[in-house]
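This report refers to the structure that appears directly beneath it.
Residue numbers begin at 1 in each chain, while the letters A, B, ... track the order of the sequences.
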2 protein chains.
Amino acid sequence: MSLRTKDTKEEILIIGKQLIQLVGYNAFSYADISKKLNIKNAAVHYHYPGKQDLLLSLLTNYISQYKNLGTELETSSLHSLKKLEKFIDPYTQLVDNNCICIIGSIASDYNTLPDVVKIKISELIDLVIGLVEQTLRKGKKSGELNFTTPARTQALLIMTNLAAGVQLARITGKQDFVAIKKSILQHLKV
Amino acid sequence: MSLRTKDTKEEILIIGKQLIQLVGYNAFSYADISKKLNIKNAAVHYHYPGKQDLLLSLLTNYISQYKNLGTELETSSLHSLKKLEKFIDPYTQLVDNNCICIIGSIASDYNTLPDVVKIKISELIDLVIGLVEQTLRKGKKSGELNFTTPARTQALLIMTNLAAGVQLARITGKQDFVAIKKSILQHLKV
DNA sequence: TAAATTACTTACTAATTAGTAAGTAATTGT
DNA sequence: ACAATTACTTACTAATTAGTAAGTAATTTA
């Protein structure tokens with residue numbers, strides 16, 4: 001075993017993720033990544049032979065991270081509103097960095113992606129919807145949350161507020177996202 | 001004056017609009033347009049020298065169309081819910097055609113666009129938000145609609161539900177958009 | 001009817017794209 | 001110690017991209 005001082009493969013993934021959130025999947029090239037890491041474009045291909053391999057790895061990472069968040073939220077004793085805030089907070093970070101969320105970015109490019117990626121995206125979205133839905137369901141059952149629409153629909157409403165909220169706020173200003181976030185949480189209060 | 005049997009310039013705009021809604025601004029080329037119209041790529045450049053000119057024309061069209069809808073809704077005696085349905089209906093069409101809305105598509109690519117286009121997008125979005133906001137405001141004043149958040153925030157919530165709703169529904173299925181639409185209207189009922 | 005304008009086509013360029021094949025230096029395993 | 005593997009670089013290719021310059025046929029204008 002060696003002490004790794006460099007982890008190019010992981011850094012590529014980080015830059016790739018940033019670029020997808022900043023400019024979108026179809027607007028960045030392997031040259032953008034290699035320039036930022038001071039390596040050659042072929043080095044990127046060595047770790048991720050095709051652009052779709054990079055995206056696939058990224059989505060796989062997201063899936064495992066959201067699975068972790070899912071079990072964390074299930075076992076947590078936090079108030080349901082705090083759980084939802086935990087889910088929502090990263091979106092505020094995105095607005096601050098002039099970025100949009102991966103799901104919204106990739107969903108916009110959906111029709112240009114190979115089938116193997118489409119399936120992975122579908123898996124990720126189902127996972128995230130389910131995560132929000134379960135949090136809402138539990139919160140309603142315990143009397144911590146209040147809403148009348150079916151849990152899945154309520155989850156869809158929240159997710160669409162967030163995904164398009166960051167997209168719009170990048171153009172109209174951060175205060176619009178802040179208003180959306182506040183309104184989401186206010187609306188769920190008992 | 002001549003009888004025009006062909007209107008290439010207008011057809012280019014129609015195809016461009018379709019492509020932006022289907023695959024996104026950065027995923028189509030002038031070759032895609034010229035092939036569909038059986039003309040040469042240089043003919044597209046003749047009418048719209050650069051891709052940004054095409055997008056600019058498209059946005060200008062949208063702005064005038066939404067201005068028309070705005071005055072139509074202001075003078076109309078329709079119930080406010082029916083007015084909002086008139087605004088929402090085109091989104092259902094989009095889902096049926098595997099497309100997303102122009103605003104959501106362009107917002108995702110926002111950071112890759114030249115400043116002159118960014119300004120036009122901003123203008124369009126402000127216009128559309130204002131249109132929904134005014135309809136909500138009037139509907140509340142007349143007692144036809146019920147909501148507690150500020151009118152602008154409520155407009156943002158509806159717009160984000162719609163924009164990201166079509167993005168998600170393309171992946172998870174039309175029934176999710178139908179549920180979102182129903183919920184938006186239900187939520188506003190007195 | 002001649003000149004100008006319109007709506008293109010032909011033919012091209014320079015830049016960028018994803019991707020590959022062959023080579024190399026350093027590390028690791030046996 | 002030597003073979004294999006890892007993580008690259010060098011050097012390239014073929015396709016696609018936006019965009020241009022020059023030419024042309026048909027229509028319009030003066």
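Evaluation of the ring pair (Phe, Tyr, Trp, His ring centres under 6.0 Å) test over residues 54-78 of chain B, restricted to residues two or more places apart or in two chains, returns none. Among residues at least two apart or in separate chains, there is no ring pair (Phe, Tyr, Trp, His ring centres under 6.0 Å) pair with a member in residues 114-149 of chain B.
If you take CD1 of I12(B) and C1' of dA18(D), they are 15 Å apart, rounded to a whole angstrom. Rounded to an integer number of Å, the gap from NZ of K51(B) to P of dG19(D) is 9 Å. Atom-to-atom, NE2 of H45(A) to C1' of dG19(C) comes out at 5 Å; the value is rounded to the nearest Å. Here the C1' atom of nucleotide dA18(D) and the CD atom of Q52(B) are 11 Å apart, to the nearest Å.
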Taking only N/O atoms, report every protein-nucleotides 13-16 of chain C pair under 3.5 Å with atom names and distance.
none

Check nucleotides 7-11 of chain C against the protein and report each pair of N or O atoms closer than 3.5 Å, with its distance, or say if there are none.
| unit_1 | atom_1 | unit_2 | atom_2 | d |
| --- | --- | --- | --- | --- |
| dC8(C) | OP1 | T8(B) | OG1 | 3.3 |
| dC8(C) | OP2 | T8(B) | OG1 | 2.9 |
| dC8(C) | OP2 | H47(B) | NE2 | 3.1 |
| dT9(C) | OP2 | K40(B) | N | 3.0 |

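Heavy-atom neighbours of K181(A) NZ from other residues, nucleotides or ligands within 6.0 Å: above the threshold of 12.
Under a 4.0 Å N-O distance rule, the pair K82(B)/D89(B) does not qualify as a salt bridge. Salt bridge status for E72(A) with K86(A): present, with a side-chain N to carboxylate O gap under 4.0 Å.
The nucleotide dA7(D) finds its pairing partner in dT24(C), both defining distances of the Watson-Crick or G-U wobble pair being shorter than 3.5 Å.
The salt bridge (Lys or Arg N to Asp or Glu O under 4.0 Å) search around D96(B) returns K174(B), not counting sequence neighbours.
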Less than 3.5 Å apart, which donor and acceptor atoms pair up between the side chains of residues 98-107 of chain B and the rest of the protein, not counting sequence neighbours?
| unit_1 | atom_1 | unit_2 | atom_2 | d |
| --- | --- | --- | --- | --- |
| N98(B) | ND2 | N111(A) | OD1 | 3.3 |
| S105(B) | OG | I20(B) | O | 2.9 |

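As judged by a 4.0 angstrom heavy-atom cut-off over every strand, Y48(B) is placed among residues making no nucleic acid contact.
Cation-pi contact between K35(A) and Y30(A): absent, since separation from the ring centre below 6.0 Å together with deviation from the ring axis within 45° is not met.
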